[in-house]
Amino acid sequence: MRKALPWFGLAGAIVAADQLVKWLVLARFAPGERLELTGFFNLVLVFNKGAAFSFLAREAGWQTPLLAAFALAAAAIVSVLIFRNPQKTLLCAALASILGGALGNVIDRLRFGHVVDFLDLHALGWHFPAFNVADSAITIGAALLILEGFIRK
C-alpha cells in the first residue's frame, strides 16, 4: 500500500495544477473571451457540458451526472490497478495521469455542471476543440498506456 502512495500523490498534483489553472482562467476571462498567444495557440474560456470533443454537449443536462458517475467509476478502477501494480513505473505513471485528469474534470462537473476548457489549438484552417490540463493529462496517460503495452510485450 505504501508503494502506491507516490502515484496517488502524482494524481493529486495533476488535480491541483488543473484546478489552479482553471481558477486563474475563470478569474481572468469572460466566457468566449479569447487571447491570441501565437498564430496557432489561443487561450479561450469555454464550458463543455459534454464529454471528449464536446460529445453530448448539446443535450438537456442529463449527461452531467452520467459523465460524472462514469468518471468516478473509472477513477475507482484505476485506483485498484495502481494499488495492485505500484512497482510498474510506466503503468502507474499512465494510470496516475488518467486518474488526476478524470478527477480534475469531475470536480468541474460537480461544481459547475460543465468542464472548464481554455486551451485552443488551430492551424491551416483546422481547429481542435478547446481542452484543459486535465484533458492533457488523460491524453498523456493514454499514450503512456499504449507505450507500456508495446514495451511489456
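Just so it is clear, the model here is predicted, and its values are computed rather than measured.
- Linking ILVMFWY side-chain heavy atoms closer than 4.5 Å, directly or via other members, places Phe131 and Val21 in a single hydrophobic cluster.
- Atoms CD1 and CD, from Ile14 and Gln19 in turn, are 12.5 Å apart once rounded to the nearest 0.5 Å.
- At a cut-off of 3.5 Å, with distance as the only test, no side-chain donor of Asn85 or Lys3 sits close to an acceptor on the other residue.
- Linking ILVMFWY residues whenever their side-chain heavy atoms come closer than 4.5 Å, directly or via other members, places Leu121 and Val133 in the same cluster.
- In this structure, His114 and Phe112 have parallel ring planes: the angle between them is below the 30° cut-off, well short of the 60° mark.
- Note that CG of Leu45 is 12.0 Å distant from CG of Leu35, once rounded to the nearest 0.5 Å.
- With hydrogens and angles ignored, the 3.5 Å screen pairs a side-chain donor or acceptor of Trp7 with a backbone N or O of Pro86.
- Using a 30° and 60° split on the angle between ring planes, Phe83 and Phe8 fall in the tilted class, from 30° to 60°.
- Cluster annotation: Trp23 is not connected to Phe47 through the hydrophobic network of ILVMFWY side chains, with a link wherever side-chain heavy atoms come within less than 4.5 Å.
- Between Arg28 and Glu33, at least one side-chain N (NZ, or NE/NH1/NH2) sits under 4.0 Å from a carboxylate O, which counts as a salt bridge.
- Across Val115 and Lys22, no two heavy atoms sit closer than the pair CG1-NZ, 4.3 Å.
- In terms of heavy atoms, Ile82 sits closest to Ala96 at CD1-N, 4.0 Å.
- Here the closest non-hydrogen pair linking Ala102 and Ile138 is N-CD1, 3.7 Å.
- Closest heavy-atom contact between Gly141 and Ala94: O-CB, 3.3 Å.
- The minimum heavy-atom distance linking Asn132 with Phe118 is given by the pair CB-CE2, 3.6 Å.
- When all heavy atoms of Leu110 and Ala68 are compared, the closest pair comes out as CD2-CB, 4.1 Å.
- Here Ile140 contributes atom CD1 and Leu147 contributes atom CG; the two are 13.0 Å apart, rounded to the nearest 0.5 Å.
- Between the side chain of Asp108 and the main chain of Val116, a donor-acceptor pair closer than 3.5 Å is present.
- In this structure, CG on Leu90 lies 8.0 Å from CG on Leu145, to the nearest 0.5 angstrom.
- Glu36 CD to Asp120 CG: the interatomic distance, rounded to the nearest 0.5 Å, is 10.0 Å.
- Going from atom SG of Cys92 over to atom CG of Leu99 covers 11.0 Å, rounded to the nearest 0.5 Å.
- Two different hydrophobic clusters hold Val46 and Leu67 under the rule that ILVMFWY side chains link at heavy-atom gaps under 4.5 Å.
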